[in-house]
2 protein chains.
Amino acid sequence: MNLKEFANRLELSQTTVSRALSGYPEVKQATRERVLKAALEYGYRPNTSALGLATGRVGAIGIVLKGGGEFGPHTSEFMGGLGGRLQQEEIDILVSTVDSPEAELATYRRLAASKRVDAIILHSPFLDDPRIALLNSLRLPFIVHGRTNSDGNFGWLDIDNFGAVRQSTSHLLDLGHRRIALLNGYRGRIFAEHRQDGYQTALSARGVTIDPDLCGHGEFTDEMGFP
Amino acid sequence: MNLKEFANRLELSQTTVSRALSGYPEVKQATRERVLKAALEYGYRPNTSALGLATGRVGAIGIVLKGGGEFGPHTSEFMGGLGGRLQQEEIDILVSTVDSPEAELATYRRLAASKRVDAIILHSPFLDDPRIALLNSLRLPFIVHGRTNSDGNFGWLDIDNFGAVRQSTSHLLDLGHRRIALLNGYRGRIFAEHRQDGYQTALSARGVTIDPDLCGHGEFTDEMGFP
DNA sequence: CTGAAAGCGCTTACAG
DNA sequence: CTGAAAGCGCTTACAG
């Protein structure tokens with residue numbers, strides 16, 4: 001059912017129905033309630049494409065997943081949390097998978113040109129990340145999950161990698177341990193650098209010399225745990 | 001850049017440009033090449049919302065993820081494979097997360113009414129799955145990942161759970177083992193039933209009595225491996 | 001082989 | 001407080 005038909009049934013104009021549904025203030029309370037009730041009853045919902053065309057908002061935020069290793073449990077968990085919140089606003093997550101950095105950039109171009117999403121979540125950033133410059137130039141709103149050294153005025157969110165590892169390392173030192181290994185992510189990832197810093201800071205504070213052999217870098221897999 | 005502006009630059013009508021881009025046969029070869037080249041150069045792509053409104057196709061297929069346990073590595077892997085194939089057609093995956101079966105049904109209603117996706121991937125079906133009847137009644141095209149006993153004429157894809165477990169059980173029997181445990185999924189899940197059947201078939205074929213204590217049902221987590 | 005124009009289903013100034 | 005109508009950016013009969 002479309003707006004025209006729905007409005008006809010209510011014997012109201014499309015204008016008034018649209019305004020009632022969108023919460024505009026100039027609709028009479030009684031009218032609004034009648035419309036809201038009928039929408040539930042008939043299951044009417046505005047067509048997303050039409051809405052997107054008229055307003056410029058499509059109600060979806062994009063996330064690009066790399067086919068390979070990035071697609072781990074962290075991504076799942078993050079998407080679960082993100083989706084839970086977005087659900088409240090009836091916003092969905094648009095996932096595009098790619099198999100190379102070039103394909104990822106091409107995907108951002110495609111998403112921007114076709115106006116497929118309202119914003120992007122950029123995750124697992126590099127110290128200096130070309131994706132940020134691209135997104136900026138495309139004027140595609142985005143937020144970064146993780147930290148980076150890239151320039152520009154953009155929002156990001158991250159956990160305190162430095163603090164977490166410094167604190168846990170200190171804790172082990174408190175317990176009397178001295179040979180403490182750090183299983184870290186790939187070098188170049190900023191979170192890995194921060195963890196390394198936290199680790200070194202804690203060790204240095206106690207005068208423990210760092211043994212490079214105890215610092216591993218790589219994928220976060222069970223296998224990587226076995227040197 | 002929109003079609004109007006793009007067509008103006010080429011000094012062609014929107015009609016011809018649209019047809020050239022969509023691969024309609026009635027466009028002169030030279031014209032088509034000129035359009036295709038310019039599209040790449042200017043980065044023109046049709047607005048998805050407009051395209052969806054005009055054609056009824058939105059270029060996205062939906063998948064609903066339950067916030068809890070379903071969101072494991074299997075889902076990630078499946079989405080990775082799915083996305084890789086869809087990428088070739090520039091189709092994206094629209095993910096909605098829910099936290100209850102009711103919310104999942106409500107989401108299908110929302111996706112259908114707002115015409116947000118072209119089709120749905122239904123995963124982890126139950127023996128008798130109410131989602132299938134709903135999707136049918138909503139006339140939302142879908143395919144089932146996994147098997148079910150539900151009625152109706154619909155497509156599904158699955159691995160041979162019965163054969164896989166029968167064969168691996170037989171293999172262990174061949175090696176001389178007799179106390180073989182089966183760490184299975186939840187009862188009621190059809191894949192779990194099939195695996196159970198495969199297990200029992202293999203054991204019965206050798207006259208080995210089944211010990212219910214060796215059959216675990218639950219989440220596929222490390223913790224579940226410890227009785 | 002090409003183009004003018006209607007139509008897809010909404011929103012939102014503008015008018016009352 | 002309500003409505004008629006233009007406009008969002010495409011596709012596609014229809015006409016030539």
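Numbers restart at 1 for each chain; the letters A, B, ... are given by sequence-line order, proteins then strands. Given the structure is predicted, the values throughout are model-derived calculations rather than measurements.
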Indicate whether the side chain of A:Tyr44 and that of A:Glu5 have a donor and an acceptor atom separated by less than 3.5 Å.
no
Could you give the distance separating C:dT12 and C:dG16 at their C1' atoms, to the nearest angstrom?
16 Å
For a quick test of reading the model: is some side-chain N or O of A:Ser13 closer than 4.0 Å to OP1 or OP2 of D:dA4?
no
For B:Arg116 and A:Gly59, indicate whether the former's side chain and the latter's backbone hold a donor-acceptor pair under 3.5 Å.
yes
Answer yes if the side chains of B:Asp129 and B:Thr148 hold a donor-acceptor pair under 3.5 Å, and no otherwise.
no
Rounding to an integer number of Å, can you tell me how far B:Gln29 CD sits from C:dT2 C1'?
16 Å
Report yes or no: do B:Asn184 and B:Arg195 form a side-chain donor-acceptor pair below 3.5 Å?
no
From the list A:Ile143, A:Val144, A:Leu65, A:Val64, side chain to side chain contact (heavy atoms under 4.5 Å, CB included) with A:His123 holds only for A:Leu65
Are a donor atom and an acceptor atom from the side chains of A:Thr15 and A:Ser18 found within less than 3.5 Å of each other?
no
Quick check against the 3.5 Å criterion: does A:Arg32 have a side-chain atom that pairs as donor or acceptor with the backbone of A:Ala20?
yes
For A:His145 and A:Phe78, take the angle between the two ring planes, folded into 0 to 90°, and tell me which bin it lands in: parallel under 30, tilted 30 to 60, perpendicular over 60.
parallel
If a protein heavy atom is under 4.0 Å from the base, mark B; if only from the sugar-phosphate, S; if neither, -; do that for nucleotides 8-16 of chain D going 5' to 3'.
BBBBBB---
If one requires at least 3 consecutive Watson-Crick or G-U pairs with distances under 3.5 Å, the stems of DNA chain C turn out to be C:1-3 with D:14-16, C:5-12 with D:5-12, C:14-16 with D:1-3
